[in-house]
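What you see is a predicted model; the values in this text were computed from it and never measured.
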Amino acid sequence: MTVVDIPSGARTAETWLGGRFRLDERINLDDQVSVFSGSCGSSWEARGLSLWKATDQLLNRPVTIYLLPRGPVPSTVTNAVRSAARVSDSRLATIYDTDFDEECPYIVAEWTPGTHLEDLVLSGLPHPALAAAMIADAADAIAVAHRAGRPHLRLTPRSLRWDNSSGLKITGLGLDDALCGSTAGNPVATDTAALARMLYALLTGYWPGDEPTALPAAPRHKGNVCTPRQIRAGVPAMLDAIAYRGLQGLAADAPLRPQTPAGMAMALGMLQRPSYQLERLESGPVVRSDGQRARHARARTGSRLRTTLLRPAV
């Protein structure tokens with residue numbers, strides 16, 4: 001293996017790994033996955049973790065390189081990455097290769113272009129039917145991972161990406177969890193609640209969770225998060241129930257039955273699934289108070305607030 005010492009914080013031209021992967025551009029960790037903004041990410045970054053867009057010269061394709069700190073790689077990381085690499089689904093970013101040599105350990109993953117959910121929501125809310133279709137696909141993909149014994153555990157608004165040519169992609173399976181040392185008493189409930197939060201964000205433009213995001217916090221009434229229908233006109237009752245009850249870990253159609261990614265995918269799949277081809281429609285379906293509007297405008301970097309619907313083309 002070709003080992004090149006990469007100065008911390010510097011972009012190194014024509015740096016190669018294994019004689020095959022050329023490091024092209026260093027990526028800000030927080031731009032890729034929001035989990036690195038916390039203490040778990042800071043410790044790894046301080047130790048030398050870096051993320052790169054690279055080129056696989058053998059197959060002539062872009063890839064993502066996680067360049068790990070020099071030294072032994074913890075078994076929690078190696079085990080999680082290897083188990084994630086065995087999960088096969090086109091909607092999950094694939095782990096292509098690993099090299100855990102102590103001199104220069106790295107992980108090669110699929111390059112995922114497109115817009116993550118956080119920016120997608122800030123640029124304009126999708127039509128409710130499109131939001132349902134997107135999260136149905138995401139839930140179905142996570143269900144595949146669960147059946148293979150590999151939960152995600154770190155689903156955030158930056159984990160789900162959309163590209164007009166390649167469609168939906170979920171990043172970080174096995175990686176984000178391992179690098180942050182996540183633990184969950186109930187992995188099914190953890191991932192299901194995260195999917196419900198993303199559905200809520202696509203329907204309302206607000207984030208109902210405690211994780212730090214660029215999205216404004218969901219409004220509350222008497223201490224409880226408002227339902228999507230209380231925030232946005234036109235959200236179907238069934239979709240409102242799936243999103244809101246999913247936040248509480250309950251299936252929409254059975255008060256005592258817990259929700260799962262597979263159950264959420266099935267419930268959302270009952271709604272009519274539109275084409276993923278998008279067209280823009282200027283509209284303003286989200287009603288906010290003046291104070292909420294000002295806060296949301298600030299979250300959008302001071303630009304003039306404009307709600308843009310993304311609806312399926314007909």
d(T192 OG1, L247 CG) to nearest 0.5 Å is 11.5 Å

Closest non-hydrogen contact found for A196 with A243 is CB-O, 3.8 Å

Does a side-chain heavy-atom distance below 4.5 Å link E103 with R70? yes

Any side-chain heavy atom of L67 sitting closer than 4.5 Å to one from C104? yes

Side-chain heavy atoms of P219 within contact of I231, under 4.5 Å: yes

According to a 4.5 Å side-chain heavy-atom criterion applied to Ile, Leu, Val, Met, Phe, Trp and Tyr, with indirect links allowed, do I242 and V188 form part of one hydrophobic cluster? no

Closest approach of V235 and D240, non-hydrogen atoms and distance? CG1-N, 4.0 Å

Atom pair CG (L155) and CG (D176), whose distance is rounded to the nearest 0.5 Å: 9.0 Å

side-chain contact (heavy atoms from CB on, under 4.5 Å) between R20 and L59: does it pass, once the steps are laid out? CA-CA 9 Å; R20 173 177 176 178; L59 298 178; 3.6 Å; yes

Is there a side-chain contact (heavy atoms from CB on, under 4.5 Å) between V121 and W207 once you walk through the steps? CA-CA 10 Å; V121 169; W207 184 248; over 6 Å; no

Nearest 0.5 Å please: distance from the OG atom of S50 over to the CG atom of L23. 7.5 Å

May I have the step-by-step check of side-chain contact (heavy atoms from CB on, under 4.5 Å) for T98 and Y106, ending in yes or no? CA-CA 6 Å; T98 60; Y106 62 88; over 6 Å; no

Which atom names give the shortest non-hydrogen contact between L122 and A214, and what distance separates them? CD1-CB, 4.0 Å

Please examine the side chains of V108 and L17, heavy atoms only from C-beta on, and report whether any two atoms are closer than 4.5 Å. no

Before you tell me yes or no, could you show the steps for L49 and L179 under side-chain contact (heavy atoms from CB on, under 4.5 Å), namely the whole-Å CA-CA distance, both residues' side-chain angles and the distance that decides it to 0.1 Å? CA-CA 10 Å; L49 172 69; L179 294 175; 4.2 Å; yes

Roughly how far, to the nearest 0.5 Å, is OG1 of T55 from CZ of F21? 10.5 Å

Would a hydrophobic clustering, with Ile, Leu, Val, Met, Phe, Trp and Tyr connected at side-chain separations under 4.5 Å, put W111 with I95? yes

Drop me the distance from I142's CD1 to I170's CD1, to the nearest 0.5 angstrom. 4.0 Å

Flag, side chain of R91 to backbone of K169, donor-acceptor distance under 3.5 Å: no

Might you point out which heavy atoms bring L117 and M198 nearest each other, and give the distance in Å? CD1-CB, 3.8 Å

I'd like a table of donor-acceptor pairs (distance under 3.5 Å, sequence neighbours excluded) in which one partner is a side-chain atom from residues 144-151, with atom names and distances.
from : atom 1 : to   : atom 2 : distance (Å)
H146 : NE2    : D191 : OD2    : 2.7
R150 : NH1    : S83  : OG     : 3.3
R150 : NH2    : D177 : OD2    : 2.6

For H152, the option from P261, S159, P187 that meets side-chain contact (heavy atoms from CB on, under 4.5 Å): S159

Just verifying a value: how many Å separate T112 OG1 and L160 CG, rounded to the nearest 0.5 Å? 10.5 Å

According to a 4.5 Å side-chain heavy-atom criterion applied to Ile, Leu, Val, Met, Phe, Trp and Tyr, with indirect links allowed, do Y96 and W52 form part of one hydrophobic cluster? yes

Minimum-distance pair of heavy atoms, taken over all atoms of A201 and L215: CB-CD1, 4.0 Å

Could you tell me whether the side chain of Q259 and the main chain of M264 form a donor-acceptor pair under 3.5 Å? yes

What one should report as the nearest heavy-atom pair of V225 and Y244 is O-CE1, 3.2 Å

Does a donor on one side chain sit under 3.5 Å from an acceptor on the other, for R232 and T204? no

Pairs satisfying salt bridge (charged side-chain N to carboxylate O under 4.0 Å, His left out), at least one member in residues 71-88, at least two apart: none

Common cluster, M238/M266, ILVMFWY with side-chain heavy-atom separation under 4.5 Å: no

side-chain hydrogen bond (donor to acceptor under 3.5 Å, both in side chains) involving D163 - partner list, sequence neighbours excluded: S165, S166

